[in-house]
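Data block below; observations after.
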Amino acid sequence: MNEQVTVFLQHAFNGISMGAVYALIAAGITLVYGLSRIIHFAVGELVMLGAFIALSVWNWSGEFWLGLAVAVPALALIGLVTERAVFRFTLREPLTGFIVSLGLILILQGTAVEIWSPNPQYSQPPLEGSWDVAGVLLRKQAVVNFAIVVAVLALCYLVLMKTTFGKSLRAVSDDPGAAALMGIPVRTIIMTTFVIGSALAGIAGWMVLTLGLITPFVGAIYVLRGFAVALIGGLGNIQGAALAGIGLGVAESLAAGYVGPGWTDAYVFGAVVLILLWRPTGLAGGSEGAKL
Amino acid sequence: MKTNQIILHAAVAAALAAGSTAVWAQGKKGVVKIGINETLSGKFVAVGTPPSVAIRLAIHEINDKGGFKVGDTTYTLQPVEVDNRSEGPGVVAGMTKLIEDEKIKIIFGPTVSVLANQAQEMTVPAKVIHLSAAGSWQSLGYLNDPKKPLLFGTQNPLNALARTEIAAVKELGAKKVAYFSADDDTTKGNMGPFLAEAKAAGIEVTTILFPYATADFSSFVSRAKAAKVDSIHFLHPQNSAPNVLRAAVELQAIPKGFSGRQTGAAAALKLAMGKPVPVPYVSAQSTPDLDYPSTPKVKAYAERLRNTGIDLGYNVTFSFFTYDFVHMMAAAMTKAGTVDDTAKIAAVFGSMTYDGVAGKICFATNPRASQYDGTLVSVRNGKVSAKPVPSPCK
Amino acid sequence: MLSRIAPYLGVIALGGFALLLPQAQLSGQVMSLATGAVIYSIAAAGLGFLWGQSGQLTLAHSSVFGIGAYAAAVGAKHFGLDFVTAFPWSIGLSLVAGALIALPSLRTSGHYFVILTFAVGEVITVIEMRLESITGGVNGITALPGAQTLFGLRIGGRTDYYLVVVGFAVVVFLILLALIRSRWGILLRGMRENEDLSRSLGVNVALHRLIAFALAGAVAGLAGHLYMYFVKSIAPESFTSHLSIIFLLVVLLGGKTFLLGPIIGSVVYVFVPEFLGLSPVRSQIAFGVILVIMILLAPGGLMSLPGRAMARLRARKKTA
């Protein structure tokens, strides 16, 4: 194969595997927003917590995969607790929910520093090396991560489209009032999406751990990208989030591979600004913003 | 973190009080206060703790020996420490306390560049002797500035650091190296000297800069590979080095191996892959290495640091940014015959050579940066060897 | 008559009290903290005005504060401006920045707008990091203009500068108070409560909102200017959205509809961790908890509590 093509494909693959993590986080953001209209800004901290919980379990048990098995239910529980303790009181006034999530950022980040110290922590995932596919090196861990994301998002999609639960969920998203009249337990469904959204952040956290280095401040990187992806994909739209996530990952990777990093962040956030100006409620439409 | 600090104080005091048999000299006695303005909590706690612990260790040692003589008076040192919380306003409030309330004439820290830049704005007009390892003091020209004669850099001059780094690259036998570093001012200050030294050594360099908070280095490593380099040299942030190393191994980008500044043997032995990496590795240290001490003095010092019971973590070598300089300052005061004429003390301090733990220590003139022993720590097939890089001081 | 001027007298009395504080022979550290608290309260007052009166929330407030600080620093470093001559630039640029940030609010609303301001703030941070020749990049910019005085007070002096800052705070709070009590204030609150109604009454909603944003920006820029001459060295790190969240917290603590809320908020924010000996991490957690509790249980802030307690007492008396 032409060498330049190989290099291009290498960069593209590098981007896809990172983009998959963005997609996962964005899917959680999108689900929570779609039902509760709450911008849950502490999602980066949930990712960070997922990573640290997985790391602790791994250090304790010596089993890297057990970290994933524990981080997901642990984060689901955190999702349940935060919804029950605070977010359910903010459903009438979604902006209040947003401010609550800002408070949660301070709380969760500080707690992580207290528990795990502010120092960086390393991980050495056992799956090492890479597969050589026509000159393109696919890092094994990245391939596995990508496969997990595809499986999880496909499952979410199927549940959403094919099950009764999914139908009720979409009904609530479209019109909570009408859904309630039809006997759909709106509050329970909203609670469930908080649990699912947090669990997705837990998986993403484990994947961030597989990258090798975590600190309690790592959340900021992911919340910004997660929201950029969710907005580009259209808040409330899972397929959109998946595609936009991969797109952002590949764009970043190509920028890193060919151009240099300098203004990457500015591009990402510039895109968010422009999209919001062009389509005031995100690309795929969605609801009007709540009144302040 | 306040409790941590208290534990820290107690640990140092307890470790050093044991076996303290101070023989107090007869005659007049005095106390000289040493100010410490460090990041003892907040984001940069990992940077600020080792220098701070080392200062207090040195002060205890000096006092335990009965202090030092200036004229016919015997002085002991008293540390006065403020925690700037890794924030600008904390630096200002802390410096206000040290300079105006405590009237202190000798201050260490902060080590973090951005904060050290702020700090020197207050110490310079107050005519305080101010020491910090901040690289920005060199790259911004503060240490060449005749208007700031009391600032002293406690890290090697940037071109000396670059020479040690090139020695590491040569150790690998690399001819075409990718220079990896975060895209920021620290890099800019260091890159020029490195490129100049590389050119002189006939080594071709491709610079690859990445955003400071990069998580996945695959794309940057792939870029290096596409440029057909034979090795990677890593500057900073040191925390990310193991991450880059692993990506480079898995993407088969570095046939000749990997070198880094101050990245330590642990990165290659354990942190990158959980086991020794399968490529040659060299860490260019601007300080002696504490895990692989090159002299008995360093070995004994590592032991004393361990005895404090405080885990100084990955940045333990940052303790060299302060430890010897406290001893050196006491010697300078003795020689200058004063404890409060800062200009006089600085003149002696800046021109003397001190035989410390980190070897022979003296200050270069332009910039006023200290020179002391460095180390090349190599890891091959899981075996570590350390080679000292002696300081040029006589 | 008295009820009309009472609030103004209150601000002046509070300012007078603050000016007398140095007589208490407080330590330099306390004076430094107090100076920081007053500067924060000015910046937060800008946000409080915007949020409380016109109902608009922005997470780019810290960036605008930063623009004021950078204008003062760049002016001193590269253009030889001093404390006084840099003011038109720091206030002017942040006023324009504030207005520019308001422009998107004409198209988006609610939390889409808040996310947008967040993204704008991030872009501004990146610009500050990249325009190294002007801003000094990640290391930031250090500017220490020579000895300067204002009305005989030394700008570099600890106590003197505290007095200068308090003086500015009194002026800013008096102006904001006058605006809140003016017809324009009533108009803004009308827009906040019912935008469509205001529009149908012929109010140019867009224009007034723009002016409110510009005003909040100018106040933030003034505070940023004071901040720069206080810490003397600034970096992009200092002005990220984290600081906006702190401003939000300060406003919320005191109460967003109370002019003096930000003073209470920033005094609590700056001094309480110091008195309790809380580490930054612990105080971060504590303030996170306080933020959540305040927004859920007392969205009116601490200042609203006496009023609410009174109302409850009165209600109880009635039923009794």
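Residue numbers begin at 1 in each chain, while the letters A, B, ... track the order of the sequences.
With values rounded to the nearest 0.5 angstrom, C:Ile285 atom CD1 is found 4.0 Å from A:Thr111 atom OG1.
Neither the backbone nor the side chain of C:Ile290 has a heavy atom closer than 4.5 Å to any heavy atom of chain A. If you measure heavy-atom distances from C:Ile295 to chain A, the contacts under 4.5 Å come from both the backbone and the side chain. Interface residue C:Leu59: only side-chain heavy atoms are found under 4.5 Å from chain A. With a 4.5 Å cut-off on non-hydrogen atoms, C:Leu291 touches chain A through its side chain but not through its backbone.
You'll find the ring centres of A:Phe227 and C:Phe118 outside the 6.0 Å limit.
With contacts defined as side-chain heavy-atom distances shorter than 4.5 Å, the pair A:Ile99/C:Leu248 qualifies.
Considering every non-hydrogen atom in both A:Leu106 and C:His242, the closest pair reads CD2-CE1, 3.7 Å.
Taking A:Val100, A:Thr90, A:Leu104, A:Ile105 one by one and counting their heavy-atom pairs under 4.5 Å with chain C, the maximum is reached by A:Val100.
The ring pair (Phe, Tyr, Trp, His ring centres under 6.0 Å) test applied to A:Phe89 returns no partner, not counting sequence neighbours.
Around the CZ atom of A:Arg84, the shell of radius 6.0 Å holds more than 12 heavy atoms that belong to other residues, nucleotides or ligands.
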